[in-house]
Amino acid sequence: MVCGRIGPARLDRVRIASWNVNSLKVRQERVEGWIADAQPDVLAMQETKLADGAAPLMAFQMAGYELAHHGEGRWNGVAIASRVGLRDVSHGFEGTGPDAEGARFLAATCGDVRVVSVYAPNGRALRTETYEAKLDWYARLLAWLQVNADPRDDLVLTGDLNVAPADIDVYDPTLYVDSTHTSAPERAAFRALLDWGLVDIYRVHHPEPGRYTWWDYRAGNFHKGLGMRIDHLLVTASLAARAVDAQIDRSARKGSLPSDHAPLFVDLDVPGVVLREPWDPPRLMRGS
DNA sequence: ATGGTCGCGCAGCGA
C-alpha cells in the first residue's frame, strides 16, 4: 500500500505488467482490484475499447497512477498506467500504413524505462487482407524500433502480440496448422523483434509448456487448460539481465466477468526509481 | 471435432 507514506519513496525493484482487459469500462473494478493486489508500478493495457475522452484518468489517479490512453472507442485502444512517472508519450506509427488498423500503439517513459504497449491485429484468417495488414503492422512496429529506439536502451515492448511464438505456446499445435497466431510469417515477424534485440523474458523464466495468457471464452476452455501464450513481455538485454521473475496471473482469468486474457508481469532490479506521490483526495469540510 | 461466449450496441461483427 502507498497509503500512509510520507514523502517520495524510492524503489529498488520495478514491476511492469501487461493486460488485455477486453473493455476497460467493463473491467474497471477488476483492474483496480488487480492493481491493489499485484501492485504493478507500470500497467500496460490493451483493448480498452474507449475513446480518449472516456479514459478513467481519475480512477487511476486515486490509485496513485498517471494514465496515458490512446483509443478511438469501440475497438482497440491501448493505455499505460504508471506510478513511477509518465513522460514522452508517443502514439508511434499509428495511422501511417495502408491499413492503419486503429489505436494499437502507445509508448511512454516510466521511471527510466521506455515502455511500449501494443495490441497487434488479430489477422482473422490466412490469405486475407486483415492477415496481410497484420504482417504489415509488424513490419511497421519493427521499423519504429529501428528508428526510435536502440537495443542498448532500457526498453519493454509488451502487450497482446497475437502470435504464439512456438508450438509449446498453444495447447494443441496440430489444431494450429495453417492458421493465424502460429503461421510461419507471423512467427518470423515476432522473431524479427527478438533479432532486433528483445528477449522473451517470460519464457526465459518459465521454459515449461502449458503457460498461456489467453483462453477462448467458449466451451470452458480456460477450465480445460486450452489456451495460447500470445501476450508477451519483450525486454532489451540490459533489462533481461536485471529481471528477477516473470509471472502470468491466471487467477485474474477466474470468477465472473473476466477478460479472456490474464495479466502478466516482470520484476526488474532497477534501483533508484522514485515512486510517484499518491494523490491526496480533497476532504469534505465539516461545518462547526 | 464442432461449437460453445463475450463486448459493443441494438444487428451482426470482431475476437
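If you're wondering where the values come from, they're calculated on a predicted model, not measured in any experiment. Lettering of chains follows the sequences in order, A, B, ..., and the numbering in each one begins at 1.
- Under 4.0 angstrom from either OP1 or OP2 of B:dA15 there lies at least one side-chain N or O belonging to A:R124.
- Rounded to a whole Å, the NZ atom of A:K25 is 18 Å from the P atom of B:dC6.
- At a threshold of 4.0 angstrom between heavy atoms, the contacts of A:L175 with the nucleic acid are absent.
- Residue A:R27 places at least one side-chain N or O closer than 4.0 Å to OP1 or OP2 of B:dG7.
- Comparing B:dA15, B:dC8, B:dT5 by their closest approach to the side chain of A:E47 singles out B:dA15.
- Mapped onto DNA chain B by nearest heavy atom, A:N162 and A:K224 fall at different nucleotides, with A:K224 at the one closer to the 5' end.
- Between the P atom of B:dC6 and the CZ atom of A:R30 lies a distance of 12 Å, rounded to the nearest Å.
- In this structure, CG of A:N122 is placed 18 Å from P of B:dC6, rounded to the nearest angstrom.
- In this structure, A:Y217 atom OH and B:dC8 atom P are separated by 10 Å, rounded to whole Å.
- Nucleotides B:dA1 and B:dC6, compared at atom C1', are 22 Å apart to the nearest Å.
- Across the C1' atoms, B:dT2 and B:dC8 are found 26 Å apart, a figure rounded to whole Å.
- Rounded to an integer number of Å, the gap from A:E72 CD to B:dG9 C1' is 16 Å.
- Side-chain atoms of A:T213 come within 3.5 Å of backbone atoms of A:I230 as a donor-acceptor pair (strictly under, hydrogens ignored).
- Between A:L24 atom CG and B:dG7 atom P the separation is 13 Å, expressed in whole Å.
- Summarising the geometry, the separation between CG on A:N22 and P on B:dC13 is reported as 19 Å, rounded to the nearest angstrom.
- Looking at A:R15, its side chain does come within 3.5 Å of a backbone N or O of A:A38 through a donor-acceptor pair.
- Checking A:G73 against A:D160, the closest nucleotide of DNA chain B that is more toward the 5' end is the one next to A:G73.
- Nucleotides B:dG3 and B:dG7 place their P atoms 22 Å apart, quoted to the nearest Å.
- Here A:F105 and A:W137 keep their ring centres 6.0 angstrom or further from each other.
- Protein atom CZ of A:R74 is 10 Å distant from nucleotide atom C1' of B:dG7, rounded to whole Å.
- Checking A:H232 against A:T158 by side-chain atom types alone, no donor-acceptor pair falls below 3.5 Å.
- Side chain of A:S117 to main chain of A:G159: no donor-acceptor pair is present (N/O by atom type, distance under 3.5 Å, no hydrogens or angles).
- The phosphate of B:dC8 (OP1 or OP2) has a side-chain N or O of A:S23 nearer than 4.0 angstrom.
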